[in-house]
K.L.:
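I am attaching a structure below and will ask some questions about it afterwards.
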Amino acid sequence: MTDESTVKKNFLTEEIEADFASGRYTGKILTRFPPEPNGYLHIGHAKAICIDFGLAQQYGGGTNLRMDDTNPSKEEQEYIDAIQDDIHWLGFKWANLLYASDYFQQLYDWAVALIKADLAYVDDQTPDQMRANRGTLTEPGTNSPFRDRTVEENLDLFERMKNGEFPDGTRVLRAKIDMANPNLVMRDPTMYRIMHAHHPRTGDKWCIYPMYDYAHGQSDWLEGITHSLCSLEFKNNRELYEWFIDRIAEVCGHPEGVPHKTRQIEFARGNISYMITSKRKLLKLITDGVVAGWDDPRMPTIRGMRRRGFTPGSIKRFWEEAGVAKRENLLEFAKLESFLRDELNKVAQRRMAVIDPIKVIITNYPEGQVEMMTVVNNPEDESAGTRQVPFSRELYIERDDYMPNANRKFFRLTEGREVRLRSGYWIKCVEAIKDADDNVIELHCTYDPLTKGGSNPPADEEGKVRKVKGTLHWVSAEHAIDAEVRLYEHLFTKPKAEDGELMDNINPDSLKTVTGKIEPSLADFNAGDPIQFERLGYFTPDTTSTPEKLVFNRTVTLKDSWAKQQSK
RNA sequence: UGGCCUGUAGUUCAAUUGGCGGAACGUCUGAUUCUGAUUCAGAAGGUUGAAGGUUCAAGUCCUUCCAGGCCAGCCA
C-alpha cells in the first residue's frame, strides 16, 4: 500500500489499514476536508488539513476540498477564496474542488423520496415548540402534532416550501426517526429549513437549505469518500450520518452504484496553550478591536501566522509530531515554537538590528573613518555567502548589553570590561555618560585595532591570549536606518485562554512597537522572508512594509537562557 | 438522576494487541561556540485515575468507583 515506515501510527492509521486489509475498501483512500466558508482557517483547521490531506497522501490516495456551504446566512465568497489560498500555502493539493451546494438538487430529490417512504415530514411547530417537545437529556421527547401527516400533504407542503410560499422559520422538514432515542441527534432531526437568502454559488435558486446532518454524509457518499475524518463533537451525529445513507441506499440506491459506505471516524481537535480556535471568539477579538483583523500577526489564523513569519513546514511538523488521539488536550505553544526555530535556524539569513538602542562612541577610533566588515549571512548555510557591513566611530548597541557595576556572570559591557562586537572589533567600556536625570545616554569605549573582524588579538609576550565572554550585535549610527519593529507576545495571559472570562485574559503587552536601528541591507527583504536579527529572534517584513517605511514582525524570539536565569 | 467518549512523565503521544513502560517538546547539568543561539553529551521526571478480580504474567481483559469531555440550533 505504501512505505509504512514513513507513516506515523495512530488509531486512525490503524483503522484505515484494517479497512483495506479486511476488504471493506478495495480502491484507493479518498478523504475530504469540508470547511464552512464563514471565516478564515486557523491552526486548528491546520490539524484537520494535515490529517485529511496527509493521511490520504501517505496511503497514495486523494482528498477532496469541499466547501460546506449549506448556510448562506453566514457564508461568503471572500472566505471561499481565502480557504483555498491558505491550503495552498500550507502545501497541499486537493483532488477535486467541490461544494455541498453541488448536491442541492440531489439532496432535494432524496428528501422527496424519503417523504414518499414515510421517513420524513413537514413540521409546523415553532422553534420553541420543537425545543420543548425534544425532551431533555434524561427524558424522552414527544411527537410533533404534525408527525402523522399524510405523504401527499407532506409532499405538497415540502414543494411549497421549496417554491417560497412560506416565510423563513415557519416550517421545517424533519426525518421521522424516534423522539425517545437516548441520542438527541436522532429525535426527528431537522433536514431542511426555510431561508430566503442569497447563496454565493446558487444565488436565489433555493429558499430552503439542507442542514449539515442531511448534507454531509450524502456528500461523502456521492463522492465515494472512504474515510470521513472529523472531530469528536460529531460522534453523536454519526448515528444519523449513517441513518440517512442507509435509508437513501434502501429507498433509492446510489446514483452511480457506488458500493461502499463512507466510514466516519472522529478524533480530538488540538488545543494550544495561549491560543483559541473558536471562530466566534476570534471574530469577537476583531469586532472588539483587540486585534486588527483576521490576518493580525497575533491571530492563530493561517493568515495571521503567515504574516507573523511562521512557516508551513513548522506547522505541519508540529501536527505530525503532536499525533492524533481521542482525548482532550492542550498542546504547549513552546512545542510549536521549537519546530519553528528549528526550521528558521536553517534557512534564516542573519542580520544585525538594535531594537532598544544606546549609543557607543569609540573614542580612539578615527573620526570620519568607515571600514567595511565581512559578515557571514548564515553560519548554518555556507551557500548564503557573506555581506559587507559598515563600521564607524559611533555605533548603536542594545541597551540591555550594558549594565553598571555588573558581576562576573554578566558577559556583556560594564565599566572596564571588554567584549567582542560581532565581526567588528573588540571594545572596552571606559565610561557611561549620564544625563541630568541619571539615565545612561552614551557609552564611551576604546577599541583594539588588532581585533579587526572580531578576531582574537595576538598573544602577549608570555604567550597568553586575552579572551572575552560576550559578543554583541551592533550597527553603525551613521549608516543604520530606522525601522518599525513589532514585538509580539502571547495574545492571552493564561495557558488555557478560555479559563474564566476570555476578555479578562487578554495580554495588554501582546504587541509592543519600537523603532529600531537596523543594518541597511535589511531593506532588501520581502514579506515572509525569514531573517534572524542576531541574538534577538526571527523576524520577517510585514505585509505593509515599504522601502520608505520598513516594518518588521518578530516571529519568535531566540531561546535566551540568560533572560530565563534573570527571571528566577 | 440519559447516551456516547476519554484517563500512561510537566505537555503531547507510543508501547509489536496479555510479555522488562519509551519518544518528542519542556526542565536541569556539562562540553563546544565570534549569536548566553545552534550543535553535542548527560540527568531528573511514572503507584499507567482508584479499588477489586481473571492470569505464570495486566497500561492492555472483567467489575465497580472517581475525574474530565460531547450532545437538548431551523449552526457546523
Side-chain angles (χ1 to χ4, degrees), chain A residues 8-10 14 34-36 38 68 70-71 73-74 123 125-127 130-132 134-141 168-174 181-187 189-195 208-209 211-213 215-216 230-239 266 268 270 273 279-280 318 321-339 341-342 345-346 350 352 375-376 379-380 409-412 420-424 426 451 453-456 468-473 495 532-537 557-566:
Chain A
K8 183 163 180 181
K9 295 206 165 203
N10 56 53
E14 206 169 294
E36 184 189 9
N38 68 342
D68 209 343
T70 58
N71 187 352
S73 69
K74 304 202 292 187
D123 196 344
Q125 291 184 105
T126 64
M130 275 181 65
R131 190 179 313 120
R134 186 151 26 231
T136 68
L137 296 176
T138 52
E139 298 163 295
D168 288 3
T170 51
R171 284 181 169 82
V172 292
L173 183 72
R174 291 230 257 173
N181 196 301
N183 181 356
L184 297 245
V185 169
M186 298 299 280
R187 318 246 261 228
T190 301
M191 295 163 61
Y192 274 93
R193 73 282 217 190
I194 301 171
M195 197 186 291
I208 56 171
Y209 291 94
M211 299 289 289
Y212 163 85
D213 283 308
H216 194 79
C230 62
S231 49
L232 244 29
E233 72 233 59
F234 292 102
K235 177 69 206 292
N236 294 322
N237 300 60
R238 189 167 83 215
E239 192 175 356
E266 309 85 11
S273 60
K279 276 193 226 173
R280 208 190 83 246
F318 171 73
E321 304 270 345
V324 192
K326 294 168 81 164
R327 34 181 126 135
E328 282 294 305
N329 58 73
L330 186 67
L331 284 130
E332 286 171 343
F333 185 75
K335 189 163 189 149
L336 218 199
E337 286 184 317
S338 164
F339 297 136
R341 290 192 187 105
D342 190 52
N345 175 49
K346 292 175 191 132
R350 316 283 129 133
M352 292 195 282
V375 185
V376 170
E380 305 287 323
K409 287 192 167 176
F410 186 74
F411 300 163
R412 286 109 96 146
R420 177 186 358 252
L421 293 179
R422 160 141 251 199
S423 304
W426 289 22
T451 57
S455 58
N456 291 350
V468 287
K469 297 276 272 186
T471 298
L472 311 184
H473 61 278
Q532 185 194 102
F533 287 2
E534 295 226 30
R535 303 208 303 135
L536 295 178
T557 60
L558 248 30
K559 274 212 271 186
D560 189 346
S561 57
W562 169 248
K564 181 185 286 184
Q565 191 184 322
Q566 292 305 293

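Every chain is numbered from 1, with letters handed out A, B, ... down the list of sequences.
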K.L.:
From C-beta outward on D342(A), which listed nucleotide comes closest to its side chain: C74(B), U35(B), U39(B)?
P.N.:
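Closest of the options to the side chain of D342(A): U39(B).
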K.L.:
Rounded to whole Å, please give me the gap between CE in M191(A) and C1' in A76(B).
P.N.:
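After rounding, the reported distance stands at 17 Å.
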K.L.:
For L330(A) and G68(B), what is the distance between atoms CG and C1' respectively, to the nearest whole Å?
P.N.:
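One finds 14 Å between C1' of G68(B) and CG of L330(A), rounded.
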K.L.:
Base, backbone or nothing for each nucleotide of nucleotides 21-28 of chain B, written B, S, -, heavy atoms under 4.0 angstrom, 5' to 3'?
P.N.:
---BBSSS
K.L.:
Could you check how far CZ of R422(A) sits from P of G36(B), rounded to whole Å?
P.N.:
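After rounding, the gap between these two atoms is 9 Å.
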K.L.:
Over all strands shown, is E337(A) touching base, sugar-phosphate only, or nothing at heavy-atom distances under 4.0 angstrom?
P.N.:
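Touches nothing.
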K.L.:
What distance, rounded to whole Å, do you find between the two P atoms, one in G21(B) and one in U27(B)?
P.N.:
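That atom pair is separated by 28 Å.
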K.L.:
A50(B) and A9(B): how far apart are their P atoms, nearest whole angstrom?
P.N.:
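The same atom, P, in both gives a distance of 10 Å.
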K.L.:
Measure from the side-chain heavy atoms of R134(A) and tell me the nearest of A72(B), C75(B), U12(B).
P.N.:
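The listed nucleotide nearest to R134(A)'s side chain is A72(B).
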K.L.:
When all nucleic acid strands are considered with a 4.0 Å heavy-atom cut-off, which category describes M211(A): base, sugar-phosphate, or nothing?
P.N.:
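Since only primed, P, OP1 and OP2 atoms lie under 4.0 Å of M211(A), the category is sugar-phosphate.
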K.L.:
Mind checking the C1' distance from U11(B) to G30(B)? Whole angstroms is fine.
P.N.:
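The same atom, C1', in both gives a distance of 26 Å.
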K.L.:
Select base, sugar-phosphate, or nothing to describe what N237(A) touches, counting heavy atoms under 4.0 Å on all strands.
P.N.:
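It contacts base atoms.
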K.L.:
Tell me every residue that passes side-chain hydrogen bond (donor to acceptor under 3.5 Å, both in side chains) with R422(A), counting only those two or more places apart in sequence or in another chain.
P.N.:
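Scan of R422(A) (side-chain hydrogen bond (donor to acceptor under 3.5 Å, both in side chains), adjacent residues dropped) gives E534(A).
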K.L.:
Less than 4.0 angstrom between a side-chain N/O of R280(A) and OP1 or OP2 of A76(B), yes or no?
P.N.:
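For A76(B), OP1/OP2 do not have a side-chain N/O of R280(A) under 4.0 Å.
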K.L.:
Answer with base, sugar-phosphate or nothing: what part of the nucleic acid does V468(A) contact at a heavy-atom distance below 4.0 Å?
P.N.:
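Contact class for V468(A): none.
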K.L.:
Just call it for E534(A): base, sugar-phosphate, or nothing, with non-hydrogen atoms closer than 4.0 Å on any strand.
P.N.:
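The answer is base, as E534(A) lies within the cut-off (heavy atoms under 4.0 Å) of a base atom.
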K.L.:
Touch check for Q566(A), heavy atoms < 4.0 angstrom, all strands: base, sugar-phosphate only, or nothing?
P.N.:
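No contact at all - Q566(A) keeps every heavy atom at 4.0 Å or more from the nucleic acid.
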K.L.:
Reckon T70(A) has a side-chain N or O less than 4.0 Å from the OP1 or OP2 of A76(B)?
P.N.:
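Answer yes for this pair, as a side-chain N or O of T70(A) is under 4.0 Å from OP1 or OP2.
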K.L.:
Which letter, B, S or -, goes with each nucleotide of nucleotides 1-6 of chain B from 5' to 3', with contact meaning a protein heavy atom under 4.0 Å?
P.N.:
-BBSSS
K.L.:
Measure the OG-NZ distance between S273(A) and K335(A) for me, rounded to the nearest 0.5 Å.
P.N.:
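Answer rounded to 0.5 Å: 11.5 Å.
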K.L.:
Distance check, P atoms only: U60(B) and G45(B), in whole angstrom units.
P.N.:
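That atom pair is separated by 24 Å.
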K.L.:
Looking for any heavy atom pair under 4.0 Å, which part of the strands does S455(A) touch: base, sugar-phosphate only, or nothing?
P.N.:
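Base, at least one base atom sits under 4.0 Å.
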K.L.:
Let me check I have this right: for RNA chain B, each base becomes ., (, ), [, ] or |, based on Watson-Crick or G-U pairs with both distances under 3.5 Å. What is the full string?
P.N.:
.((((((..((((.....[..)))).(((((.......))))).....(((((..]....))))))))))).....
K.L.:
Taking CZ from F234(A) and C1' from A76(B), how many angstroms apart are they, rounded to a whole number?
P.N.:
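Rounded to the whole Å, the gap is 5 Å.
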K.L.:
Within less than 4.0 Å of OP1 or OP2 of A37(B), is there a side-chain N or O belonging to R350(A)?
P.N.:
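No, R350(A) has no side-chain N/O under 4.0 Å of OP1/OP2 on A37(B).
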K.L.:
Work out how far the P atom of G3(B) is from that of C65(B), and round it to whole angstrom.
P.N.:
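Taking atom P in both G3(B) and C65(B), they lie 12 Å apart.
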K.L.:
Would you mind classifying the nucleic acid contact of P140(A) as base, sugar-phosphate or nothing, using non-hydrogen atoms under 4.0 angstrom?
P.N.:
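P140(A): no heavy atom of the nucleic acid under 4.0 Å.
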K.L.:
Within the structure shown, what part of the strands sits under 4.0 Å from K279(A) by heavy-atom distance: base, sugar-phosphate, or nothing?
P.N.:
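K279(A): no heavy atom of the nucleic acid under 4.0 Å.
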K.L.:
What integer distance in Å separates L173(A):CG from G73(B):P?
P.N.:
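After rounding, the reported distance stands at 19 Å.
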K.L.:
Go through the steps to decide whether I194(A) and R171(A) satisfy the test side chain to side chain contact (heavy atoms under 4.5 Å, CB included), and finish with yes or no.
P.N.:
CA-CA 7 Å; I194(A) 301 171; R171(A) 284 181 169 82; 4.2 Å; yes
K.L.:
Could you check L536(A) against Y192(A) and say which one's nearest nucleotide on RNA chain B is further toward the 5' end?
P.N.:
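The 5'-side residue here is L536(A).
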K.L.:
Just confirming the chi classification of G73(B), syn or anti, using 90° around 0 as the syn window.
P.N.:
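For G73(B), whose glycosidic angle is within 90° of 0, the conformation is syn.
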K.L.:
From Y212(A) OH over to T190(A) OG1, what is the distance, rounded to the nearest 0.5 angstrom?
P.N.:
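Result: 15.5 Å between the selected atoms.
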K.L.:
Please name all residues satisfying salt bridge (Lys or Arg N to Asp or Glu O under 4.0 Å) with D342(A), sequence neighbours left out, ordered by chain then number.
P.N.:
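D342(A) satisfies salt bridge (Lys or Arg N to Asp or Glu O under 4.0 Å) with R317(A), K346(A) once adjacent residues are dropped.
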K.L.:
Can you check U16(B) for me, syn or anti if syn means within 90° of 0?
P.N.:
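Chi for U16(B) falls in the anti range.
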K.L.:
Quick one: label R131(A) by what it contacts on the DNA or RNA (base, sugar-phosphate, nothing), any heavy atom closer than 4.0 Å.
P.N.:
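Sugar-phosphate contact only - R131(A) comes under 4.0 Å of backbone atoms but never of a base.
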K.L.:
Mind checking what makes salt bridge (Lys or Arg N to Asp or Glu O under 4.0 Å) contact with R131(A), not counting sequence neighbours?
P.N.:
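Expected list: D128(A).
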K.L.:
When you compare C5(B) with A44(B), how far apart are their C1' atoms, in angstrom units rounded to a whole number?
P.N.:
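Per the computed distance, 35 Å lies between those C1' atoms.
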K.L.:
Tell me what F318(A) touches on the nucleic acid: a base, only sugar-phosphate, or nothing, going by heavy atoms under 4.0 Å.
P.N.:
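The residue F318(A) makes no contact with any strand.
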K.L.:
K469(A) NZ to U35(B) C1': how many Å, rounded?
P.N.:
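From K469(A) NZ to U35(B) C1': 15 Å.
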K.L.:
Between atom CG in D68(A) and atom C1' in C75(B), what is the gap in whole Å?
P.N.:
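That distance rounds to 11 Å.
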K.L.:
For A37(B), does either OP1 or OP2 sit under 4.0 Å from a side-chain N or O belonging to S561(A)?
P.N.:
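For S561(A), the contact criterion (side-chain N or O under 4.0 Å from OP1 or OP2 of A37(B)) is met.
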K.L.:
L331(A) CG to U11(B) P: how many Å, rounded?
P.N.:
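So the two atoms are 11 Å apart, to the nearest Å.
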K.L.:
Return whichever of W562(A) or D168(A) has its heavy-atom-nearest nucleotide of RNA chain B closer to the 5' end.
P.N.:
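Closest to the 5' end, via its nearest nucleotide, is W562(A).
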K.L.:
NA contact type, S423(A), heavy-atom cut-off 4.0 Å: base, sugar-phosphate, or nothing?
P.N.:
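Answer is base: heavy atoms of S423(A) come under 4.0 Å of a base.
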K.L.:
Classify the nucleic acid contact of R412(A) as base, sugar-phosphate or nothing, counting any heavy atom under 4.0 Å across all strands shown.
P.N.:
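If one applies the 4.0 Å heavy-atom cut-off, R412(A) turns out to touch a base.
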